[in-house]
Amino acid sequence: MTLLSIEGLRVEYPSRHGVFVAVDGANLTVEPGEIHGLVGESGAGKSTVGAAIMGLIEKPGRIADGTIKLKEEVISGQDEEGMRALRGNRISMIFQDPLTSLNPLFTVREQLTETIREHLDVSSNEADARALDLLNRVGIPDAEIRLENYPHQFSGGMRQRIVIALALCSEPEVIIADEPTTALDVSIQAQVLELIKDLARERQVGVILITHDMGVIAETTSRVTVMYKGQVVESGTTKKILTAPEHLYTQSLISAVPRATTKLYRFPLISYGEREADFQIEQIKGNWQAEVSPQDLPLLKVEGITKTFLKSGSILPSRRQYFTAVDEVSFEIQPGEVFGIVGESGSGKSTVARVISGLLRANGGAVEFEGRDVTAAGRGVPEWYRREIQMIFQDPYSSLNPRMRVDKIVAEPAKHLGLLQGSALQDRVYELLDMVGLGTAAGRKYPHEFSGGQRQRISIARALATQPKFLICDEPTSALDVSVQAQILNILKDLQEHLNLTMLFISHDLPVVRQMCDRVAVMKQGRIVESSETGQLFDAPRDAYTQELLRLMPKFDSVAV
């Protein structure tokens, strides 16, 4: 018997401008023990399908047509009381951000036992015992102690395990996992996905896995449904969809996925439907006035930097405890090179970037730029260095001021450093917006009016306003769709090639690192454990930790059986 079936689902959102159709005629089935992948770009309707199954369509949105069945029972169209009885009981959901799914004011024990007693007729002691058993089942070490902790005391991967434990409280028949591994390290991602596979295999739970990570799809699912602008464009076995896609959109989507086995000169872009304007590097190349760096010196030299943070304070200095985030890290980056740093959360890679950029002051060691020390004790980084180095952050929305127009955001660095003013500054801003494919009209809008990929283009334009020699890219494509990621990575490749920009590229996405970087350093617990040319590191890693990272990396070329 089919566990979950969706036939002709149509979800509409009426507004004063008309009716927006988020999902249009979608069909999907899930069998017991099956992990069914649901893929597509942002706005494709994937999460809306999940919300419709859970009865969580936000008003004024509504299911306008179609049916959703759990076994033989029609659950679409039920009132709120009926859906509340199903939700968390027979159907559970794992959300993308575990921190927002957990109440920061309550311990893990309180949240688990409340959910258990809400759905199951058990005593307080039985609920406690079930909560402890659930934490053990999802692999939380020292579960009895960690029950008394609050969500903020766990890492991202551990929080996601707790969310999975919450989803399992009522022993559901169907689990909807909405981007459950986005922005997780490869090791934590592998653990979470293995847990989901175990649930499907051992308890015959049906799983809908919503994700944009095609490597995860390849290694985890048995069937896949591809969506584009609310419609299902293709559905079939994972092997068929990934190796012999029939629809042009699916073909384009798969071709844009970075591979860990080979390095491409450029990423293919989605060739189906509407596309953003192309990146116009030639518009700025002739006006780029950055001085050429001397070739006999490394552009950036990091020598023995150490950074500690206070872990436990005390009036007495001898009783203070410190955490060493970066421990004696050294490396060099040559002019025109893309140098990558990879490692798990807490390895220290972003702390290194913030020390280099001057956002943090190192406790020891030195950073040299073109042979000049920029980390002399007792003062911040010099003004000239701020022009030469710029940073592109992981989350483009939080790094852009929502109250400022885009043209003011892009102009801010050059204006602050006194490099340009008046019409010359305005011309530079419009030139940069054209260059990243947004057009001059984008300058009159605000950040919230743009998609994630467009906001990252704004961040790139802002970073280029001072005509820097060195860019720090800290997870610049994390959580972006495959197609948008391809656009952003192509922009960065063009910048490096045509403007001879030097880059520090930080990421936990190993296939992206393979495509972007000339050399790579691997960090673990604040130290560099291995550094070599990219091809050598991926093909013949020396350190056991690097070997383990590469082993755990989801591989697009492998397909789950």
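Sequence positions, counted from 1, serve as the residue numbers for this chain.
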*Straight-line distance of L70 CG to I91 CD1, nearest 0.5 Å*: 5.0 Å

_S399: which residues meet the side chain to side chain contact (heavy atoms under 4.5 Å, CB included) condition with it, sequence neighbours left out?_
F393, S459, R462

*Provide the closest heavy-atom pair for K197 versus E219 in the form atom of the first, atom of the second, distance.*
NZ-O, 3.5 Å

_I'd like to know if E81 pairs up with R84 as an ion pair, taking the criterion as any Lys NZ or Arg NE/NH1/NH2 lying under 4.0 Å from an Asp or Glu carboxylate oxygen._
no

*Less than 4.5 Å apart, any side-chain heavy atom of L242 and any of I254?*
yes

_As an exercise, state the distance from CD1 of I491 to CD1 of I488, rounded to the nearest 0.5 Å._
4.5 Å

*Where does the angle between the aromatic ring planes of Y150 and H152 fall among parallel (under 30°), tilted (30 to 60°) and perpendicular (over 60°)?*
parallel

*If you count the non-hydrogen atoms of other residues, nucleotides and ligands that lie under 6.0 Å from CD in E58, is the total more than 12?*
no

*Do L28 and S235 come within less than 4.5 Å of each other through their side chains, counting heavy atoms only?*
no

*First locate atom OG1 of T211, then atom CD of E179, and finally report the distance between them rounded to the nearest 0.5 Å.*
4.5 Å

*asked:* Under 3.5 Å, is there a donor on one side chain and an acceptor on the other for T107 and E148?
replied: no

*Does some side-chain heavy atom of Y13 sit less than 4.5 Å from a side-chain heavy atom of V21?*
no

_If the threshold is 4.0 Å, N to carboxylate O, is there a salt bridge linking D133 and R130?_
no

*Do the charged groups of R90 and E73 touch, with an N to O distance under 4.0 Å?*
yes

_What I want to check is whether the side chains of H508 and E344 have a donor and an acceptor closer together than 3.5 Å._
no

_For a 4.5 angstrom cut-off between non-hydrogen side-chain atoms, does E34 reach L3?_
no

_No-hydrogen, no-angle side-chain donor-acceptor test under 3.5 Å, N89 and S170_ = no

*Under the criterion side-chain contact (heavy atoms from CB on, under 4.5 Å), which of T220, D213, D198, L552 is the partner of L193?*
T220

*Would Y228 and Y249 count as a close aromatic pair, with their ring centres under 6.0 Å?*
yes

*Scan side-chain atoms only and decide if H36 and T225 contain a donor-acceptor pair under the 3.5 Å cut-off.*
yes

*Nearest heavy atoms of L4 and I208, plus distance in Å*: CD2-CD1, 3.7 Å

_Sole residue of I392, I472, L492 in side-chain contact (heavy atoms from CB on, under 4.5 Å) with M503_ = L492

*Can we say R87 and E80 salt-bridge, meaning some charged N sits less than 4.0 Å from an Asp/Glu carboxylate O?*
yes

*Atom CG of N490 and atom CE of M516: how far apart are they, to the nearest 0.5 Å?*
8.5 Å

*Minimum heavy-atom distance Q153-R146, with the two atoms named*: O-NH2, 2.9 Å

_Would you say Q160 and Q191 are linked by a side-chain donor-acceptor pair, where the criterion is simply a distance under 3.5 Å?_
no

_Taking E7 first and then K69, would you say they form a salt bridge - that is, a charged N and a carboxylate O separated by under 4.0 Å?_
no

_Salt-bridge present (D474, R354; N to O < 4.0 Å)_ = yes

*N27 versus L9: any side-chain heavy-atom pair under 4.5 Å?*
no

*Inspect the surroundings of CD in Q547 and state if more than 12 heavy atoms from other residues, nucleotides or ligands are less than 6.0 Å away.*
yes

_Looking at every non-hydrogen atom in both residues, tell me the closest pair between K46 and E41 and how far apart they are._
NZ-O, 3.3 Å

_Distance (rounded to the nearest 0.5 Å) between R159 CZ and F154 CZ_ = 9.5 Å

*asked:* When you compare the side chain of P14 with that of R62, does any pair of heavy atoms fall below 4.5 Å?
replied: yes

*Kindly indicate whether the side chain of Q204, heavy atoms from C-beta on, has any atom under 4.5 Å from the side chain of E31.*
no

*So which heavy atom on L537 is nearest to which on V520, and how close?*
CD1-O, 3.9 Å

*asked:* Strictly distance-based, threshold 3.5 Å: is any side-chain N or O of S92 a donor or acceptor partner for the main-chain N or O of A167?
replied: yes

*Return yes when atom CD of E114 has more than 12 non-hydrogen atoms of other residues, nucleotides or ligands closer than 6.0 Å, and no otherwise.*
no

*Can you tell me if T29 and S5 form a side-chain donor-acceptor pair at under 3.5 Å?*
no

_Could you report the tightest heavy-atom contact between S76 and I68, atom names first, then the distance?_
OG-N, 3.0 Å

*Within a strict 4.5 Å, meaning less than it, do heavy atoms of the V49 and M227 side chains meet?*
yes

*How many angstroms lie between CG in L102 and CZ in F95, if you round to the nearest 0.5 Å?*
11.0 Å

